[in-house]
Amino acid sequence: MASKRKHDDAFEQPADGPATPRRLTRATQEIVTYFEELRSHFDSLDDKEEQSLLVANALEEASGQECAVATDAACSRVLEALLPAAEPQQLAKFFRAVLKDDDSLLAMASSPFGSHVLEVLMIQLFKPQQTLDGDTTAVEQLLLDACLGVCLHLLDFLTNRYATHVARRLLCILAGRDVLPIAAKSQNKKSKGGALASKVGLLSGKQAPSPEATYPELLAAIADTMLRNDFVGALHDLMYDQNASPFLQGMLTAYEGDGEILEALIPAMLGAQGGEEEGDDSLLQGITRGSFQGIMQDRLSSHVMEVIFSVAPQPLLEEFHSSFLSGDLPALASHPSANFALQAFLAAANRSPLVKKLLAELKGSFKELLQRRRSGVVAAMLAACARTGAGQADASKALAAALTSLHDEGKGLAETLLTLDMPGRICGPDMKPGARVKLSPLGCAMLTTLLSFPQEFSQAFVSSISDWSPSETLRVGQDPGGSRVLEALVNAGAASKAKKKLLRKLKGMWAVLAVEPGGNHVVESCFIWGGVKDKEVIAAELAAAEGSLSATPRGAALMRKCGTSAYKSSSSDWKRKAATDAHTLNEYAELFGSGEAGTTEPAEAGVSENGRSHAALDAQPAADAAADDVAMTDDHTGHEGHAAAASTQPAATEKEKKKKKKNKEQKNSVLVESPAPVQKKKKSKKQASDVSMMDLDSADAPWVNEPVAAAQQDDVKQAERAKMGTEGERQQTTGAAHAPLNKGQALALLGFAAAKPLSQHKKQKKRDC
């Protein structure tokens with residue numbers, strides 16, 4: 001009887017909002033008994049056609065009393081199970097009955113049982129590309145009627161604990177994607193994560209722009225309703241309502257990227273009183289510093305502020321800082337609720353001047369924030385510096401100073417950061433051999449971000465990592481967050497000495513590390529960066545542990561990338577092949593300085609993972625810009641024209657820039673005006689690499705870039721260009737040399753022929769003789 005009494009209370013007082021929906025009629029006892037018997041029969045059917053026929057009979061039986069059935073405690077559960085098997089026409093008929101008057105939709109949505117039925121009904125009826133007998137307009141008309149019904153009682157829908165879920169579902173349908181915050185989603189669904197990653201910079205690459213809404217006109221109708229004079233006064237109060245807050249967050253997310261709508265919605269939510277006729281300067285008029293910070297400090301409205309910061313245009317963010325936040329950032333960073341909103345603000349800051357101002361206020365509070373478990377603010381600040389390239393030196397020094405005053409005796413900077421808010425050490429004296437260690441996710445994220453800084457700013461942390469023992473390094477690599485740290489060390493612009501030291505420490509433990517999901521990526525990165533000897537050690541250890549690695553999700557893929565099958569077949573051929581390919585790619589990098597060389601570089605030569613030397617990675621941006629200017633001049637004027645232009649440069653040009661230009665001219669003259677020596681080098685190189693390039697099948701060594709099929713044609717073209725004698729032909733060759741080269745052209749210019757059968761090489765040698 002307890003459940004029955006709760007059901008009765010839902011009819012008498014179903015709403016938590018200002019208005020009470022009308023009372024619905026009860027379902028008859030006959031229909032209740034019918035649906036209770038129907039459920040067991042439906043579950044016993046396996047044939048889809050029989051299920052569809054049973055559903056059609058059930059919906060026909062409920063015709064005329066759809067709302068009563070949907071709001072009944074027993075019938076609603078059966079109806080939820082039947083609706084996914086119904087035809088679109090049957091769903092449309094049921095929904096039209098719900099929309100027969102303005103109040104029935106709100107009454108059904110305000111029921112604890114009817115709201116669930118409405119959500120399932122809308123999900124099934126408004127699927128993408130849904131039609132009714134091939135007519136899409138009928139579905140759109142139903143959606144329009146539902147949208148009008150919600151807009152008519154929008155305040156009641158948003159504030160009612162049950163109806164708000166129907167409004168949120170409608171919002172997602174109009175937006176064409178899930179725009180709700182993670183906390184508002186079903187607890188049964190697994191979260192895809194990304195909240196921490198988006199704030200501390202773990203998401204790689206630029207995020208894709210938000211897709212356009214599926215029904216922009218209907219979405220705009222809800223926005224217009226929220227901005228009406230009779231509604232906008234309540235919009236600010238809805239930020240503090242636990243039922244309405246997720247809807248407001250979803251509305252802002254749906255309009256992400258639409259600056260015009262956001263500049264109207266955001267000030268209205270914050271309580272602005274300015275009018276449009278007063279201009280953009282009055283967008284935030286009427287908002288005080290105290291009220292703005294109060295919104296950030298409230299437990300409910302702070303969630304809305306997080307979304308506001310994440311979607312607001314950059315000019316509006318800068319106005320937020322100058323008008324309401326400057327001078328109070330340390331206090332807000334320490335607040336239990338406001339610190340999360342501040343993290344979102346830092347994650348959204350994408351302009352260097354703003355990031356510098358934020359760092360100037362916060363860097364002095366790094367120690368206090370770490371002590372008070374507010375390290376998320378520090379992590380977001382470091383990510384902003386890495387993203388914009390502003391204040392990296394100051395941020396690194398401030399964090400190092402804070403960690404120095406915090407760490408225990410014997411702990412270095414890196415270990416203190418990785419064990420932030422975590423007990424114990426990475427490798428304490430009381431730890432058992434083979435024991436795992438739990439590292440701080442935020443600490444790992446911060447150290448990963450620091451390693452992406454230029455070498456001179458991250459050297460203190462790199463040196464601290466180099467001081468780890470082999471067992472400590474292994475334990476860090478086995479942790480999900482720690483593996484990202486080691487991978488970042490190998491892939492970043494750190495000194496080659498630190499990377500070689502890491503590879504030496506992991507020698508003999510590559511197979512143990514490769515079994516772990518995160519450690520697998522570390523092994524792959526080390527194999528790509530390492531020299532021929534390092535590659536051989538890794539391949540040998542992985543080949544010896546082939547059985548255990550094959551049982552892991554990524555073990556087989558890693559062994560293919562490392563060519564372990566080719567190594568087991570013939571280690572001498574594998575080494576000769578690896579040495580030849582590494583030398584080829586190193587020649588390419590030295591000649592062109594491009595990252596298109598591939599992924600196999602010798603560490604002994606000091607070449608990083610993208611094909612550039614580490615010295616080139618450490619060069620100043622100004623020097624790179626000067627070299628680019630020279631290259632652009634070459635493309636338009638040719639080598640001779642560029643020489644003339646260089647002779648007319650003003651005397652005030654810096655010596656370093658002139659030296660860069662001169663080196664560039666010399667390189668271009670070698671490539672353009674002297675094809676004969678390159679051709680001679682090609683011949684000797686070809687003789688030295690004929691056997692080694694053909695000994696192994698490329699399928700057995702997939703770590704090597706596949707030869708380009710057009711390379712053989714490029715050899716013929718290079719020979720023809722060498723025979724050109726006229727000045728006009730020489731200028732054409734100049735233009736071709738400066739055009740972007742693919743891998744095949746680059747290898748041909750270096751003197752390497754395309755991969756072809758060994759018999760053809762022998763025939764070619766006979767022709768040469």
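Model, not experiment: these values are computed from the prediction. When a residue number appears, it is its place in the shown sequence, counting from 1.
In this structure the side chain of L148 reaches within 4.5 angstrom of the side chain of L144, judged on heavy atoms. Counting heavy atoms from C-beta on, the side chains of M381 and F366 come closer than 4.5 Å. Between L171 and L219, the closest side-chain pair of non-hydrogen atoms falls below 4.5 Å. Here the side chains of Q297 and S337 are not in contact, with every heavy-atom distance at 4.5 Å or above. Residues E516 and D479 fail the side-chain proximity criterion, which asks for heavy atoms closer than 4.5 Å. Using a 4.5 Å heavy-atom cutoff, the side chains of T448 and L451 are not in contact. Counting heavy atoms from C-beta outward, M446 and S375 have side chains that approach closer than 4.5 Å. Using a 4.5 Å cut-off on side-chain heavy atoms (C-beta onward), F457 and L450 make no contact.
Looking only at distances, a side-chain donor or acceptor of S405 sits under 3.5 Å from a matching main-chain atom of A402. In this structure, the side chain of Q273 engages the main chain of G271 through a donor-acceptor pair within 3.5 Å. With hydrogens and angles ignored, the 3.5 Å screen pairs no side-chain donor or acceptor of R169 with any backbone N or O of E119. Between the side chain of D145 and the backbone N or O of L142, no donor-acceptor pair lies under 3.5 Å. Remark: the backbone N or O of T288 is paired with a side-chain donor or acceptor of S291 at under 3.5 angstrom. Between the side chain of S452 and the main chain of T449, a donor-acceptor pair closer than 3.5 Å is present. Here the side chain of D298 pairs a donor or acceptor atom with the backbone of S301 at under 3.5 angstrom. Judged by distance alone, the side chain of N339 and the main-chain N or O of H335 form a donor-acceptor pair under 3.5 Å. At least one donor-acceptor pair under 3.5 Å links the side chain of E361 to the backbone N or O of G327. Distance alone, capped at 3.5 Å, is enough to place a donor-acceptor pair between the R387 side chain and the A349 backbone.
Taking both residues in full, the closest heavy atoms of A386 and F453 are given as CB-CE1, 3.5 Å, listed atom of the first, atom of the second, then distance. The minimum heavy-atom distance linking I222 with L174 is given by the pair CD1-CD1, 3.6 Å. The two atoms that bring L382 and A395 nearest to each other are CD2-CB, 3.8 Å, heavy atoms only. Between L158 and A167, the closest heavy-atom pair is CD2-CB, 4.2 Å. Between F113 and T71, the shortest heavy-atom distance links the atoms CD1-O, 3.4 Å. When all heavy atoms of A234 and L155 are compared, the pair lying nearest together is CB-CD1, 4.4 Å.
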F95/L143 under side-chain contact (heavy atoms from CB on, under 4.5 Å): CA gap, chis, key distance, verdict: CA-CA 10 Å; F95 199 49; L143 193 56; over 6 Å; no

Go through Y255 and V311 one step at a time and tell me if the side-chain contact (heavy atoms from CB on, under 4.5 Å) criterion holds. CA-CA 8 Å; Y255 274 113; V311 302; over 6 Å; no

Kindly determine whether S326 and H321 satisfy side-chain contact (heavy atoms from CB on, under 4.5 Å), including the steps that lead there. CA-CA 5 Å; S326 61; H321 175 258; 3.9 Å; yes

For K438 and T419, what are the C-alpha separation, side-chain angles and deciding distance, and is it a side-chain hydrogen bond (donor to acceptor under 3.5 Å, both in side chains)? CA-CA 8 Å; K438 178 65 176 176; T419 57; over 6 Å; no

From CA spacing to verdict: side-chain hydrogen bond (donor to acceptor under 3.5 Å, both in side chains), S245, Q249: CA-CA 6 Å; S245 176; Q249 298 175 52; 3.1 Å; yes

Under the criterion side-chain contact (heavy atoms from CB on, under 4.5 Å), I'd like the reasoning laid out for H165 against S115: C-alpha separation, chi angles, the key distance, then a yes or no. CA-CA 7 Å; H165 294 283; S115 61; 5.5 Å; no

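Within 6.0 Å of CZ on R373 lie no more than 12 heavy atoms contributed by other residues, nucleotides or ligands. Surrounding CD of Q371 are more than 12 heavy atoms belonging to other residues, nucleotides or ligands, all under 6.0 Å away. Within 6.0 Å of CD in Q314 there are more than 12 heavy atoms belonging to other residues, nucleotides or ligands.
Outside the 6.0 Å centre-distance limit, the rings of Y162 and F157 are not counted as a close aromatic pair.
Separating the CD atom in E256 from the CG atom in D258 is a distance of 11.0 Å, to the nearest 0.5 Å. Distance check, rounded to the nearest 0.5 Å: CD1 of I123 to CG of L83 gives 10.5 Å. Here the CZ-CE distance, from F345 to M305, works out to 9.0 Å after rounding to the nearest 0.5 Å. Taking CG from L346 and CG from L359, the interatomic distance works out to 10.0 Å, rounded to the nearest 0.5 Å. A distance of 11.5 Å separates CG in L332 from OG in S302, rounded to the nearest 0.5 Å. Between atom OG1 of residue T214 and atom CD of residue E217 there is a gap of 11.0 Å, rounded to the nearest 0.5 Å.
In summary, D394 and K356 do not engage in a salt bridge, as defined by a charged side-chain N under 4.0 Å from a carboxylate O.
With respect to L370, the side chain to side chain contact (heavy atoms under 4.5 Å, CB included) criterion is satisfied by exactly one of L403, V377, D421, T416: L403.
Between F324 and F320, the two ring planes are tilted [angle within 30° to 60°].
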